[in-house]
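Report on the following structure.
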Amino acid sequence: MDNFKINYIDEMLDDVEKKDFLKYRTGELPTWCPGCGYFGITQSIVQSCNELNLKNEDICVASGIGCAGRFPVFMDVYGFHTLHGRSVPVASGMKLAREELTVFAIAGDGDIMGIGGGHLPHIARKNIDITLFLFDNSIYGLTKGQSSSTTPFEQTTNSHPFGNPDQPLKPVSLALSYGATFVARAFAGNVDQMTAIFKKGITHKGFSFIHILTPCVTFDKVNYTWKNLKANVEEIYDEFDHTNHTEAMRIAEKSRLYTGIFYHRYDVPSYQDYLKQK
Amino acid sequence: MDNFKINYIDEMLDDVEKKDFLKYRTGELPTWCPGCGYFGITQSIVQSCNELNLKNEDICVASGIGCAGRFPVFMDVYGFHTLHGRSVPVASGMKLAREELTVFAIAGDGDIMGIGGGHLPHIARKNIDITLFLFDNSIYGLTKGQSSSTTPFEQTTNSHPFGNPDQPLKPVSLALSYGATFVARAFAGNVDQMTAIFKKGITHKGFSFIHILTPCVTFDKVNYTWKNLKANVEEIYDEFDHTNHTEAMRIAEKSRLYTGIFYHRYDVPSYQDYLKQK
Amino acid sequence: MSNTDIVLEICGSAGEGTISSGEIFNRYISSIDFEIMSFDTYPSEIRGFGKCVAHSRFSTQKIFTPGKYTDILIALNDAHSISQLGHLKDTGVVIYDSKPPKYHEEDKSIVGWMEPGMISYGIPFNDLAQKAAGNSRGRNMVALGAVCALFGVDHEEFKNTIIQRYAKKKQIVIDNNVNSFVEGYNWANDNLTKIDSISFKKGKNKNEKESIIINGNQAVAKAAIDSELHLYAGYPITPATKIMEILSHELPKKNGIMLQTEDEISAIGNVLGAGFAGKRSMTATSGPGFALMTEFMGLSVMAQIPAVIVNSQRGGPSTGLPTKTEQSDFNAAVNGGTGDLPRFVIAPASVEECYDGTTLAFYLAEKYQTLVVILLDFFLSNSIRNIDEPTPPTEKMLNSNIAPNEKELKDYVRFKETKTGVSPRSIPGTPNGMYTTTGLENNERGKPQYDGKLHTKMSDMRYRKLNSALNDVPKPKWTGPKKDIDVGILSWGSSAGAAYEAATIANKNGHRVAVLSSLVVFPVNEVDLTKFCNESKQILIPELNYSGQYANFIASYINRPVERLNMVSGLPMASEDVLSKIDEMIAS
Amino acid sequence: MSNTDIVLEICGSAGEGTISSGEIFNRYISSIDFEIMSFDTYPSEIRGFGKCVAHSRFSTQKIFTPGKYTDILIALNDAHSISQLGHLKDTGVVIYDSKPPKYHEEDKSIVGWMEPGMISYGIPFNDLAQKAAGNSRGRNMVALGAVCALFGVDHEEFKNTIIQRYAKKKQIVIDNNVNSFVEGYNWANDNLTKIDSISFKKGKNKNEKESIIINGNQAVAKAAIDSELHLYAGYPITPATKIMEILSHELPKKNGIMLQTEDEISAIGNVLGAGFAGKRSMTATSGPGFALMTEFMGLSVMAQIPAVIVNSQRGGPSTGLPTKTEQSDFNAAVNGGTGDLPRFVIAPASVEECYDGTTLAFYLAEKYQTLVVILLDFFLSNSIRNIDEPTPPTEKMLNSNIAPNEKELKDYVRFKETKTGVSPRSIPGTPNGMYTTTGLENNERGKPQYDGKLHTKMSDMRYRKLNSALNDVPKPKWTGPKKDIDVGILSWGSSAGAAYEAATIANKNGHRVAVLSSLVVFPVNEVDLTKFCNESKQILIPELNYSGQYANFIASYINRPVERLNMVSGLPMASEDVLSKIDEMIAS
Ligand SMILES: Cc1ncc(C[n+]2csc(CCOP(=O)(O)OP(=O)(O)O)c2C)c(N)n1
Ligand SMILES: Cc1ncc(C[n+]2csc(CCOP(=O)(O)OP(=O)(O)O)c2C)c(N)n1
Ligand code: SF4
Ligand code: SF4
Ligand SMILES: [Mg+2]
Ligand SMILES: [Mg+2]
């Protein structure tokens, strides 16, 4: 197994250098499992920053606790690995302090649909200008495979050996009903689309909610696997009107996993812009 | 002023006796301001219990902190005045412990849209069989007039002397997107409709979410006053299909304040029924 | 000139102008150079007809407590005022409405409840107000007029104070108030025969400094603004709400932000975010909210990010007694949180110290990159004083972050071990200063790592900061004799006032009583503490809590038994309480 | 028969079957009547190739610690195992793979790192496993076979243990494991010459009681089920998650419910709700989650509703060191929360006490209508022992709520003052027993009320409960000499084991060392504590935290200086650590 590890890492490193992946990365090698969807997401975030010409020192990242939460540990930016569920309030404070910085919140599904779920409605309705990347693998990765708020009904997990009795939450629907002004869904297996979405989200002036479907290859071998995700994602059709809230709501409720931008409202000032204009 | 108080109380007491209001009430006189919408809500809850023939000892009430939270202090049932925002988890524990009891959660808008907002998605998706009465006066009453999560945009409050910068949340939309199986809105000024709705909610097997519009006569003299509320509420039309989620969502997003039952799903087992059927 | 030291209380229902008449009285009395200390009590219900009391003590001497016994009671409402007689002095004065509005007649008149020896003056507040303005609203002003007539106060100057108070209102409001006041003054002059011996014309000659009338919450807010606070993030809770409400007015003027969050967890989370980003930030709360901040308190310390939390204590535990004062969050402030969690705890003893403690808090939080808790209490938050314009923070205090220099930025090691425990902290936006911090144990570069040696070293660093800071904070205040102390009082927070006053009296009575109290209650200055204890035959620790939290805490430093004075009456500690305990200890 | 006391370690990568081979070894060794204490270490990363260690000590004597120095090290992976040599005994034995799979060759072989005097046996684990099953999975079984051959273990019986362990798996799995084991056994018998002197055939003769192999988390879960737990509400967190996972299997069988909540606040909220409704309920967590429960802890006490919280401590503060052991939540458990907040704190010192402490917790919580915190730690949670089948709770312990009788229900006064501080509590469903409870201060009928006398009385009631309970809980355990004690050790929680062992050795060495430790660490049994301290010339408090939390706490009871032994290495305390401190104290 060790030689598999070494090959795998070499391969990654090659790839990484090619794409200027290292610009925003520390020497720290991610502790994620080989095959985890988080590698692709990280790559897309890096690529987005690169294409947007962001300086390392102008990026602030607040993350929660979980496999996803480890993200800033591997990044050469100003990073704050906070508490489980609390990336959003900390990111909010960063932005309110220093409007000129680009601020990301990184969260797992446990992080921000479960324990930190209470913060989401409020960052959305306040429209504070941060970008939230939700790494949704529909499981608790770091604590080894318990149900999360997005685990499918009846799935067997380490906390629900007889099947999950709870209906999963729908992150995109929630963000929409909270009044988020930018709502999108991406898939960790599609780096190009991810990067396009991320760039839009990062440049959106206001709160951006990006739901990212990603497999936990270690603790979910049944539902949100690479294979099933690939089979079930579908890009939102080109003609879709991103300013139509009702339509966005409608397709968000579908079981088909649409990816792309659901909703993008340009006319709502961000929290700080609103305060200034008064 | 004192004689006004005395007359007022006498009047209330008369009314109270007539309607068998006292059956579920202790001798404690509510500390609410004269004219507060909470009197009417209390009356409707009492009437509903009466008409449903519930025994005092079989009713368990968990409330949060706030003017609304004081409710159980005035009631002759098993009451637990818990913490700010925490009526829902406590009510959940009551029901999971003793399925045969009728369990209410009482919350203010600060309570359950603000500090306790994180609990709402989960009680809904678990479909635990309690009834949540949300006393929404769109303000923090007990702490004297600060903005709440439902305070209208730009309203002047004691915490936002230059106007509330946050968009209000829409409780009914939220409950719907969380997957609540019974979602209704009532108005504190319409006791008969309230009672009808409450009875349906209480008998619904699963989580019932009841949003109650009620004025804070002391700290909101501008927006959600008796007068404005009366002018803006409208009963949902009779033919409305309570099982149509999309329609429910649509009318919940309207600025018109519809009252009545938005959504009622009969076919989802409650949490405990689901566990038993396994 | 003989000393004056008087307690005056105005008592009425909500809506009768009780608190505002107290406010005017304080303003005037302060303008004629008395030292004042005042304290308002509101009803605990939201509305209704609850009892309000404006309690003021004013004196030609330095005072530290609001005074336990009243000299003059103004009863705007007899029913409520009767229970105030319980602490009226034996020869105290009651001024009451001799012809109250109809609804008062049902209550027994206050006169019937007075003890022999007490003096009463009946004045037709209501009639006179009706006469002056056509309604009964001005009853409180009538009463103030009578006070001026009875106690020899310059009624023209007093009138000006009333005019100033209502300057922003319509002319009719000003007129009605002034006319009521004049009616009261004239009626009393014409009809009353003075049988008491109280009078107050002019206080001591004060020093040159500008003086302001301010309560603890206002002092904190002012200090925060003066300390260049950028973000206040908070959630309403009694008795801290006012800090937020003041800042919601003041911060926007300075391009700062008052953010009302969804809960206290988010509030402290925002504070840490702003702290990380290099701006000064704070929150204020009380017991229940403080409890919710527990997890984030740990993160501030571990991730080494400044955070300032004000906890204005109220009666506990749990939701407790929201409108009563208590000092029972000492444990929570000093030891709250999981793991070994060093932090600073500042406990002002007075309104002045509310200001100084807050400017110090921002200085320490930023310099030592950690958590600072400021412990107020319901009493301090609402206690009103006239104080000298406080000294604003110095340049050094305003810029206390130690940033890495260029050389250090060449190969930046964020958590580099230092003698002081403080490693230079770079602020986002600084090129080459990038780092990631975490609540996990981590090595000098911030990488999560769990080996035992590292954990020991980093724990050491975190505690070392506190020791380094001991030279950076005001030394404990030692008042009274320096040696051969009969009773040494270790005092903290708002009850220190009672200790000072009691010690002064005891020393006058020929005993040797000293007080040691410190603005910074954690970390402990062990040198001074040990010296003080070594000189003290007996130690007394008075505090407003049941379990003796400070006494328990201090035990591990002094390893000897102490006498405790614990009270949970919901009221501030009185010098009389401390004095009788001192007497008891000396007698035994 | 001479005593046997051996530490065996198996060390390998995740995925090499390290932990499962340790488990099989423990089962077998327990079946031949050794006393065992075992402890597994997992990698802190989720996956990857992190290091696993199965550490077992087994003995013919009663043992209390897992032992600091290893006798036998089985290296499944040389790279990882090299650092384990640091605590191999000078003449310890290493069993390693003499022909490791290719990827091992890059690492230096462990043999190169051994000190002279250490003994090594090279065995071709990989080749033999390949031979037995066609793949390398059975390397761990080969190693176990070699162990049997080398140390004289009955390999037939051992083989049966393997078969039992895999009984639920497919036949091919069983066969592969057994065949690998046999290959290892035969090869070692045929090829190795024994040059060490270790052997273990059979332990002491144990008593009749059934024995079980169980760790702390399992003991808690078992005790909870035996205590008729109805609702477990919890949120995953290391090292407490396993309690939840076990109960998710077990509770449904008893018609109980395992509720996974959205966070720890909801978990403890559900616990209080169920407690109010009259059912036994609990939650389990670790530092960060415990911090989030702070506010609800206060409510349990104030509203007088039973609640049981298990806090399995890990390294702190903040997210800290999730996979390391520490005792640094003593402050949080005993003093956490705002206001004056009495509660019970139970700190088991062993796996046995995990069981007894949990049954006691349910008894106390229900009887005294309050909060009980059980303090485990990472080590105790994962420490595996073979213990006698524990004594289940008695009828009295299972039904400990004091309900109002019919007369009391005539005019029910929920919080009626009593001598014990406990007022009869009616359960929903009881006619005429209706009442409302609150986190506000309240009168005997539960009505919110804030006057000083009432608050004093109710505070008194809340604390009085604790005193009443002192007769209801096991007395502190006093081991060693009863008087003329040179060093008296005040010990708590899992480090008590090291104190016992060290004291035993010190006493053999002619010193007088005694240990006082209590299952219930709060409230304190002052009588026994004082007696113990009075007999002790010096006091030592060893604990796994940096700031000496228990030492600070105990100071206010004993008012004298103590010696402290504080360690934050992330490892359980070893008897050697305590012993050298004792020696130092006696020498000085
Ligand atoms: C307050 C608190 N509770 C629990 C934990 C333990 N914990 C750490 S990560 C995690 C869940 C992680 O799941 P998710 O957020 O989905 O992230 P993932 O690991 O799947 O990326 C939990 C429960 C914690 N660190 N803090
Ligand atoms: C943790 C905590 N934070 C803050 C408070 C103070 N507090 C009490 S009630 C309340 C708001 C009440 O508003 P709402 O829930 O809308 O109820 P209402 O009074 O309007 O009925 C607040 C902020 C508290 N008791 N506990
Ligand atoms: S456990 Fe799952 S989420 Fe975590 S790193 Fe591994 S694959 Fe990714
Ligand atoms: S403050 Fe508002 S909500 Fe509270 S009792 Fe008065 S009117 Fe009702
Ligand atoms: Mg996840
Ligand atoms: Mg409200």
Side-chain angles (χ1 to χ4, degrees), chain C residues 44 287-288 290-292 294-295 297-299 301-303 311 313 315-324 326 328-329 331-332 335-342 438-441 450-453 455-456 459-460 463 545-549 551-553 555-556 559-561 567-571, chain D residues 44 287-288 290-292 294-295 297-299 301-303 311 313 315-324 326 328-329 331-332 335-342 438-441 450-453 455-456 459-460 463 545-549 551-553 555-556 559-561 567-571:
Chain C
S44 46
F290 194 68
L292 285 172
T294 308
E295 194 192 5
M297 286 169 48
L299 184 64
V301 174
M302 194 70 157
N311 174 357
Q313 303 161 91
S318 196
T319 315
L321 302 86
T323 54
K324 294 289 169 181
E326 200 160 289
S328 59
D329 291 353
N331 281 345
N335 278 328
T338 58
D340 290 301
L341 202 61
T438 167
L440 293 166
E441 187 56 286
Y450 310 144
D451 76 87
K453 270 203 199 117
H455 183 36
T456 307
S459 303
D460 216 78
Y463 277 89
N545 58 48
Y546 185 88
S547 57
Q549 302 187 358
N552 293 342
F553 165 76
S556 75
N559 294 308
R560 63 182 266 198
M567 297 174 55
V568 289
S569 63
L571 300 171
Chain D
S44 47
F290 194 67
L292 284 173
T294 308
E295 194 192 5
M297 285 169 49
L299 184 64
V301 174
M302 193 70 158
N311 174 356
Q313 301 161 94
S318 195
T319 316
L321 302 87
T323 55
K324 294 289 168 180
E326 200 161 289
S328 59
D329 292 354
N331 281 345
N335 279 328
T338 57
D340 290 302
L341 202 62
T438 167
L440 294 166
E441 187 57 286
Y450 308 145
D451 75 86
K453 270 205 198 116
H455 183 36
T456 308
S459 301
D460 215 77
Y463 277 89
N545 58 49
Y546 185 88
S547 57
Q549 302 188 357
N552 293 343
F553 165 77
S556 74
N559 294 307
R560 62 182 266 199
M567 297 175 54
V568 288
S569 63
L571 301 171

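Throughout, a chain's letter reflects where its sequence line sits, starting with A, and its residues are numbered from 1.
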Please determine, among [options], the option with the most heavy-atom pairs under 4.5 Å with chain D.
options	result
Ala551(C), Ser328(C), Gly316(C), Gly298(C)	Ser328(C)
Ala555(C), Gly320(C), Ser459(C)	Gly320(C)
Asn311(C), Asp460(C), Asn545(C)	Asp460(C)
Pro342(C), Ala303(C), Gly315(C), Pro322(C)	Pro322(C)
Gly336(C), Pro317(C), Pro561(C)	Pro317(C)
Asp451(C), Val568(C), Asp329(C)	Val568(C)

query: So which of Thr319(D), Thr438(D), Thr456(D), Leu571(D) has the biggest tally of heavy-atom pairs under 4.5 Å with chain C?
result: Thr319(D)

message: Counting heavy-atom pairs closer than 4.5 Å to chain C, which one of Leu341(D), Asn331(D), Leu440(D), Val301(D) comes out on top?
response: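 Max contact count across the listed options: Leu440(D).
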
Is the closest side-chain heavy-atom distance between [X] and [Y] below 4.5 Å?
X	Y	result
Thr294(C)	Phe290(D)	no
Glu441(C)	Lys324(D)	no
Asp340(D)	Gln549(C)	yes

- request: Compare every heavy atom of Thr338(D) with every heavy atom of Pro288(C), then report the nearest pair and how far apart it is.
  value: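 It is N-OG1, 4.4 Å.
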
message: Is Tyr463(D) in contact with chain C via its backbone, its side chain, both, or neither, using a 4.5 Å heavy-atom distance?
response: side chain

message: As an exercise, state the distance from OG of Ser318(D) to CD of Glu295(C), rounded to the nearest 0.5 Å.
response: 6.5 Å

